[in-house]
Amino acid sequence: MATKPVLETRSLTKSFGSLLAVNEVDYRVPEGELCAVIGPNGAGKTTFFNLISGKLEPTAGGVFFEGEDITGFPPHAVVKKGVGRSFQITNIFPRLSVLDNVRIAVLARRGKTLDMFSPIEKHTEEQDEALEILGEVELEHKAHHPTTELGHGERRNLELGITLALEPRLILLDEPTAGMSIEETSSTIDLVKKISHDKTVVFTEHDMSVVFSIADRISVLHQGSIIAEGTPDEIRNDDLVRLAYLGEEV
Amino acid sequence: MERIPNRFGVTVLLGLAVLAPVLVQNDYYIQLCTEILIASLLAISLNFLIGYTGLVSLGHAVYLGVGAYAFALLTKNVYPSMWAGLIVAGASCALLAWFMGVFCVRLAGLYFAMLTLAFSQVVYTVAYYWRDVTGGDDGMLGIPKPEIGIPGAFSISLESFTNFYYFVLIIVAVLIFLAWKIANSPFGRVLQAIRENPERVEFIGLPVHRYKLFAFIIAGTLGGFAGGLYSTFQGYISPDLLYWTQSGEIVLMTILGGMYSFLGPAFGAGMLLFIRDTVLNFMEYWRIVVGGILVLLVLFLPGGILGSFEGWISRLSIGGNDGDETRS
Ligand SMILES: Nc1ncnc2c1ncn2[C@@H]1O[C@H](COP(=O)(O)OP(=O)(O)OP(=O)(O)O)[C@@H](O)[C@H]1O
Ligand SMILES: [Mg+2]
């Protein structure tokens, strides 16, 4: 409880016209925890991630990473600070090879992307590291294929691989299992658990059994506001949450 | 997938280029080959933006024109040196691209295209009306072909068509090689990533605007060298070089040859100029022929001519490939 939060938002607010997509959210993520943000469709989860990662500028409030105010930083600057994210809608480089998708992120992290005169293949350290990451997301055998040959689940894994390649200290995963089959979901969830051993992770997920089995903490977003926060047990027994969201499910 | 020319293809091409003056044995065709070389550099430079970075510029003639005027002004009014002329042509275009790029790279798609078009038309207008410096619509005549060499030691005259051809071949080959290096570097791959998905590039921690600006400056500088070469090649220039139809022609070369193939635009440049010269002999409306070919291409070979050809080759040879087919 006493450890200083890795991520903190203060009264974070985003309105789209008259719609308050994120409404005065105060949120703290302690170091090393695996935190879930749940809520029904349209609750504001993605918008919340967009505000933290710099994709959107907040209407009001602030975002603090490791104590530093990063409100309004552009996405590339937020990444450089150590915050990586993945996207709910797969966001990869379609006509590059699977390897290049990850390699370019590794090169970016290591500050090699302004190198204009040595062939990209000569950067063997980065290539090996990229292949290792592809191994983690079970895509090593497809390294030299174009992404167009990947199935949906594989594309989701590549999405994750690109984010891992950045070695972020805080990692935001927006529905990493979106659209996956049951087997794919379980292997991805295993991976998320593994990642969380040495990183702070915030993720969203619609499958409640997954959320309640792996998360250290759960925050429930409802119409842009956090209506409950706590351990899985606390959330399971929260009347407000049952009423607003969980319904029959738990 | 990106298609990078293989060693065999490049050797053949280079061999042909070196032997061309011997093979054609005709001053007229040597000049046509020289022009094709210059246009190849120009089209490849534009393709840094279109094919690599995914930015469709409709104002690339601005570098052809500005590079040409810079060369002419320097060699006629200040100092008649080939090297100084070319360096000033490249440098002035680098500066111009930097300036325009700061505004252009913030935009994408049609807005980017429109702004590049607008900038080039502004420069055209300046060249047209600033008679004292540019000669207005009369243009500039008598641009020299200064000899090259080391003063006092030796010098080579470039007045003969063949000598001049080889001079241009060397300059263009060096610059295209440089462009090829850049295209295959980590930086070049970032440009391709920007073409594919600029948002995600931001989210791997890279400032997309800055990378686009670098691409813009590289394209402009290479274009400026092409402009300088064109200036001394023709010996006269006019504001027509800067007109938007000229920009359109460079885009056509790129698409004809194939924008996802490194040498595609050069191939397109050769084709376009060859068609112009042969068709022009029996009808004035050579652009109809080019237009017709373009329509057929877009319908049946959207990868461009060289691009599609390379595609077939790599599909045929996929068995003997070391698994790197994604980049060959
Ligand atoms: N760019 C935008 N412009 C206008 N409204 C938006 C924008 N982005 C999101 N919204 C609205 O904000 C609300 C929250 O959307 P958001 O995508 O954050 O929800 P979510 O919790 O991620 O939903 P899901 O579970 O479906 O992914 C929705 O009503 C959505 O329509
Ligand atoms: Mg969402």
Side-chain angles (χ1 to χ4, degrees), chain A residues 53-55 74-87 90-123 126-127 141-149 159 162-163 165-168 172, chain B residues 1-4 48 51-54 106 177-215 217-218 221-222 259-260 262 303 307 311 314-315 318 321-328:
Chain A
S53 62
K55 187 175 170 182
H76 65 86
V78 177
V79 173
K80 281 280 175 260
K81 288 287 166 200
V83 182
R85 73 167 289 184
S86 73
F87 292 80
T90 307
N91 206 350
I92 58 181
F93 305 111
R95 265 182 308 175
L96 298 188
S97 70
V98 171
L99 173 61
D100 276 342
N101 267 265
V102 174
R103 168 155 58 189
I104 215 158
V106 176
L107 287 163
R109 186 189 82 241
R110 293 180 168 223
K112 300 278 179 69
T113 44
L114 279 176
D115 177 345
M116 296 192 184
F117 297 106
S118 65
I120 192 165
E121 295 81 17
K122 289 276 152 63
H123 294 264
E126 284 78 10
Q127 173 159 326
H141 59 293
K142 296 257 171 116
H144 296 280
H145 291 243
T147 67
T148 42
E149 288 175 17
E159 166 81 44
I162 295 172
T163 307
L166 306 171
E167 291 199 343
L172 310 172
Chain B
M1 291 301 106
E2 307 320 314
R3 305 219 177 84
I4 280 103
F48 247 93
Y52 278 82
T53 323
R106 297 187 179 276
F177 177 71
L178 212 67
W180 180 77
K181 289 291 271 184
I182 298 175
N184 291 294
S185 68
F187 173 79
R189 205 57 50 90
V190 170
L191 297 188
Q192 291 166 6
I194 290 175
R195 176 196 72 206
E196 292 297 305
N197 188 347
E199 177 188 61
R200 187 60 177 202
V201 173
E202 274 283 320
F203 279 98
I204 60 173
L206 302 177
V208 169
H209 287 340
R210 202 172 311 153
Y211 283 78
K212 280 187 182 173
L213 181 60
F214 290 151
I217 294 172
I218 291 169
T221 310
L222 291 174
M259 59 182 174
Y260 296 136
F262 180 79
S314 71
R315 241 164 284 148
I318 221 141
N321 210 298
D322 59 0
D324 241 2
E325 69 267 29
T326 50
R327 51 161 285 273
S328 53

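Excluded from the calculations below are hydrogen atoms, water molecules and symmetry mates; all remaining heavy atoms, backbone and side chain alike, are included. Each chain gets a letter, A, B and so on, in the order its sequence line appears, and its residues count up from 1. All values derive from a computational prediction rather than experimental measurement.
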Asker: Less than 4.5 Å to any heavy atom of chain B: does that hold for the side chain of A/L166, its backbone, both, or neither?
Answerer: side chain
Asker: Under 4.5 Å, counting heavy-atom pairs only, tell me which of A/K80, A/K55, A/R109 racks up the most with chain B.
Answerer: A/K55
Asker: What part of B/I218 lies closer than 4.5 angstrom to a heavy atom of chain A: side chain, backbone, both or neither?
Answerer: side chain
Asker: For A/K81, which residues count as a side-chain hydrogen bond (donor to acceptor under 3.5 Å, both in side chains) partner, sequence neighbours excluded?
Answerer: A/E68
Asker: For A/L114, is it the side chain, the backbone, both or neither that has a heavy atom under 4.5 Å from a heavy atom of chain B?
Answerer: both
Asker: Applying ring pair (Phe, Tyr, Trp, His ring centres under 6.0 Å), can you list everything that pairs with B/Y211, at least two apart in sequence or on another chain?
Answerer: B/F187
Asker: Quick one about B/R189 and B/Q192 (side-chain donor to acceptor, distance below 3.5 Å, no hydrogens or angles considered), yes or no?
Answerer: yes
Asker: Does a salt bridge link B/E196 with A/R95, judged by any charged N lying under 4.0 Å from a carboxylate O?
Answerer: yes
Asker: Is A/R85 close enough and on-axis enough to A/F87, meaning under 6.0 Å and within 45°, for cation-pi?
Answerer: yes
Asker: At a heavy-atom separation under 4.5 Å, does A/E159 approach chain B through its side chain, its backbone, both, or neither?
Answerer: both
